[in-house]
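A quick write-up on the structure given underneath.
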Amino acid sequence: MPNNQYKTNLLNLNQQALTKLFESLGEKPYRVKQIMQWIYKYHEFDFDKMLNLSKKLRQQLNDIACINFPEVSKQNQALDGVIKWVIDVGENNFIETVYIPEKDRGTLCISSQVGCSLACTFCSTGMQGFNRNLSTAEIIAQVMIAKQYLSTKDKRISNVVFMGMGEPLLNEKAVYVACDLLLDDLAFGLSRRKVTISTSGVVPALLRMADRTPVSLAISLHAPDDTLRDELVPINQKYPIKELLLACQNYLTAGTQERHILFEYVMLEGVNDSTAQAKKLATLLKGLSAKVNLIPFNPFPKTQYQTSKKVTIASFQDVLFDNGIRTTTRRTRGEEVDAACGQLAGRVVDKTKRTQE
Ligand code: SAH
Ligand code: SF4
């Protein structure tokens with residue numbers, strides 16, 4: 001095994017950073033295009049095989065750089081076509097990535113952290129505790145692993161959502177660089193509308209995100225008032241709904257292109273699913289360029305919650321419709337492989353000691 005510890009992993013660099021690196025080696029900008037093509041188009045990770053680079057450059061890259069990739073530990077496919085990868089990120093930590101095929105698109109749900117420190121009460125990842133942030137390379141590798149496998153099945157990734165394990169806005173730097181690569185034509189070339197950061201509402205980071213990256217935004221709201229949200233999404237105690245919605249307003253007006261926000265709302269029976277709560281939610285979101293996605297709760301072992309009944313979800317949706325709010329209800333997918341939203345658990349060595357409490 002080569003000792004790559006002190007080398008720069010090129011998968012951690014966006015085009016701008018690669019350009020800087022190549023400049024420091026005295027190379028011309030077109031070399032950046034060449035290397036990005038080798039990595040992202042041809043999935044070639046051996047510098048010695050990148051034959052359009054000069055011999056001297058190949059040698060320099062071998063000395064200072066590497067392309068490091070985590071290993072797939074398991075791959076499962078459900079009957080409905082949903083695929084889950086369990087990826088080994090070292091030291092007994094495993095993260096999960098899920099591909100959800102639909103008629104007109106293929107969505108890849110990626111992880112941003114090993115575990116999550118925010119402890120939302122209905123989330124399996126949150127219940128496990130937190131170990132560490134993922135690097136850009138570990139985030140991007142999830143897309144590369146899925147893309148490589150799917151290409152052999154003639155399938156493609158049209159959308160990428162940060163809805164796997166972890167809170168992306170608590171790992172801002174790595175996530176933004178990953179977004180740069182997802183949007184870059186020399187890497188994944190996705191449109192900004194097809195890449196979504198989902199957050200439970202880390203307000204200061206959300207304010208920064210509005211200016212840093214043009215990708216789409218989903219807010220995990222889940223409750224129409226602070227009393228209930230404080231309980232379900234504990235970060236609300238720090239950044240209450242009013243502040244969160246102000247940050248949402250800021251996101252909508254920042255940037256040069258038109259922006260929208262998707263509000264996610266997990267349907268928990270008898271907790272947040274009454275028609276009175278739907279009315280409250282409608283009032284809250286009035287005037288924002290918002291769409292609501294109702295997510296039937298995905299149960300996991302030892303949870304205290306149950307999924308709302310179909311009729312309850314339908315009535316909730318009707319109230320939102322009647323108040324002029326565009327609303328969709330998510331279909332549950334990938335059940336046999338525990339690949340549904342919020343069920344992603346991987347295996348996390350908890351450093352918050354929460355799981356021992
Ligand atoms: N930390 C980020 C992104 C990861 S969670 C966030 O909270 O937005 C992705 C989505 O799954 C969030 O909307 C989250 O609230 C939802 N979710 C978590 N646990 C769930 C569960 N058990 N059933 C349904 N959705 C869940
Ligand atoms: Fe973390 Fe999101 Fe789960 Fe909350 S819902 S614990 S923020 S991953």
Mind checking whether [X] and [Y] have side chains closer than 4.5 Å, heavy atoms only?
X      : Y      : result
Leu288 : Leu245 : yes
Glu231 : Thr121 : no
Met144 : Leu11  : yes
Val292 : Arg326 : no
Pro204 : Arg208 : yes

How long is the span from the [atom1] atom in [X] to the [atom2] atom in [Y], to the nearest 0.5 Å?
X      : Y      : atom1 : atom2 : answer
Leu21  : Gln60  : CG    : CD    : 9.5 Å
Lys153 : Gln77  : NZ    : CD    : 8.0 Å
Phe297 : Thr307 : CZ    : OG1   : 6.0 Å
Leu244 : Ser220 : CG    : OG    : 9.5 Å
Leu181 : Gln15  : CG    : CD    : 9.0 Å
Met165 : Cys109 : CE    : SG    : 11.0 Å

State whether the side chain of [X] and the backbone N or O of [Y] hold a donor-acceptor pair below 3.5 Å, judged by distance alone.
X      : Y      : value
Arg192 : Leu183 : no
Asp226 : Ile241 : yes
Ser54  : Leu57  : yes
Gln277 : Val271 : yes
Asn14  : Val177 : no
Thr8   : Leu10  : no
Arg330 : Asn293 : no
Asp184 : Asp180 : no
Tyr99  : Arg156 : yes
Asp88  : Gly90  : yes

Is it the case that over 12 heavy atoms from other parts of the model lie below 6.0 angstrom from the [atom1] atom of [X]?
X      : atom1 : answer
Asp104 : CG    : yes
Glu102 : CD    : yes
Gln304 : CD    : yes
Gln237 : CD    : yes

In this structure, would [X] and [Y] fall into the same cluster of hydrophobic residues linked by side-chain contacts under 4.5 Å?
X      : Y      : value
Ile219 : Tyr251 : yes
Leu53  : Ile64  : yes
Val215 : Val203 : yes
Leu262 : Ile197 : no
Leu246 : Tyr239 : no

What heavy-atom pair brings [X] and [Y] nearest, and what distance separates the two atoms?
X      : Y      : answer
Ser158 : Leu190 : O-CD2, 3.5 Å
Gln257 : Pro214 : OE1-CB, 4.5 Å
Leu108 : Trp85  : CD1-CZ3, 4.0 Å
Thr275 : Ser315 : CG2-CB, 4.1 Å
Ser289 : His260 : OG-ND1, 2.9 Å
Pro70  : Ile145 : O-CD1, 4.1 Å

Under a 3.5 Å threshold, yes or no: a donor from one side chain and an acceptor from the other, between [X] and [Y]?
X      : Y      : result
Ser198 : Glu264 : yes
Asn159 : Thr107 : no
Thr312 : Glu269 : no
Glu96  : Ser111 : no

- Return the orientation label for the Phe45 and His43 ring planes: parallel under 30°, perpendicular over 60°, tilted otherwise. parallel

- For the residue pair Tyr265 and Phe316, categorise the inter-ring angle as parallel (less than 30°), tilted (30 to 60°) or perpendicular (more than 60°).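 Tilted, since the angle between the ring planes falls between 30° and 60°.
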
- Task: Determine, stepwise, if the pair Leu228 / Asn272 fulfils side chain to side chain contact (heavy atoms under 4.5 Å, CB included).
- Result: CA-CA 8 Å; Leu228 182 58; Asn272 65 353; 3.7 Å; yes

- Item | Presence of salt bridge, Glu138 and Arg132, under 4.0 angstrom | yes

- Message: Salt bridge or not between Lys20 and Glu23? Use side-chain N to carboxylate O under 4.0 Å.
- Response: no

- Carefully, step by step, assess Asn133 and Gln113 under the rule side-chain hydrogen bond (donor to acceptor under 3.5 Å, both in side chains). CA-CA 4 Å; Asn133 280 333; Gln113 298 183 308; 2.8 Å; yes

- Message: Could you work out, with ring pair (Phe, Tyr, Trp, His ring centres under 6.0 Å) as the rule, every residue matching Tyr42, not counting sequence neighbours?
- Response: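 Scan of Tyr42 (ring pair (Phe, Tyr, Trp, His ring centres under 6.0 Å), adjacent residues dropped) gives Trp38.
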
- Message: Run the side chain to side chain contact (heavy atoms under 4.5 Å, CB included) test on Leu268 and Phe122 for me, step by step, so that the C-alpha distance in whole Å, both residues' side-chain angles and the decisive distance to 0.1 Å come before the verdict.
- Response: CA-CA 9 Å; Leu268 306 167; Phe122 51 85; 4.1 Å; yes

- Message: Strictly by salt bridge (Lys or Arg N to Asp or Glu O under 4.0 Å), give each pair with a member in residues 278-299 just once, sequence neighbours left out.
- Response: Asp225-Lys280

- Message: Restricting to salt bridge (charged side-chain N to carboxylate O under 4.0 Å, His left out), what partner residues turn up for Arg31, sequence neighbours left out?
- Response: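 Counting only residues at least two positions away or on another chain, Arg31 forms a salt bridge (charged side-chain N to carboxylate O under 4.0 Å, His left out) with Glu27.
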
- Query: Residues in side-chain contact (heavy atoms from CB on, under 4.5 Å) with Asp46, at least two apart?
  - Reply: Glu44, Asp48, Lys49

- Item | Contacts of type side-chain contact (heavy atoms from CB on, under 4.5 Å), residue Asn12, not counting sequence neighbours | Asn9, Ser135, Thr136, Ala137

- Go through Gln142 and Ile87 one step at a time and tell me if the side chain to side chain contact (heavy atoms under 4.5 Å, CB included) criterion holds. CA-CA 8 Å; Gln142 298 171 60; Ile87 297 171; 3.9 Å; yes

- Message: Could you go through Leu206 and Val202, starting from their C-alpha distance and side-chain angles, then the distance that decides it, and tell me whether this counts as side chain to side chain contact (heavy atoms under 4.5 Å, CB included)?
- Response: CA-CA 6 Å; Leu206 188 50; Val202 188; over 6 Å; no

- Task: If a pair satisfies ring pair (Phe, Tyr, Trp, His ring centres under 6.0 Å) and one of its residues is in residues 142-198, list it, with sequence neighbours excluded.
- Result: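 As it turns out, the ring pair (Phe, Tyr, Trp, His ring centres under 6.0 Å) pairs with a partner in residues 142-198, which skip direct neighbours, are Tyr40-Phe188.
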
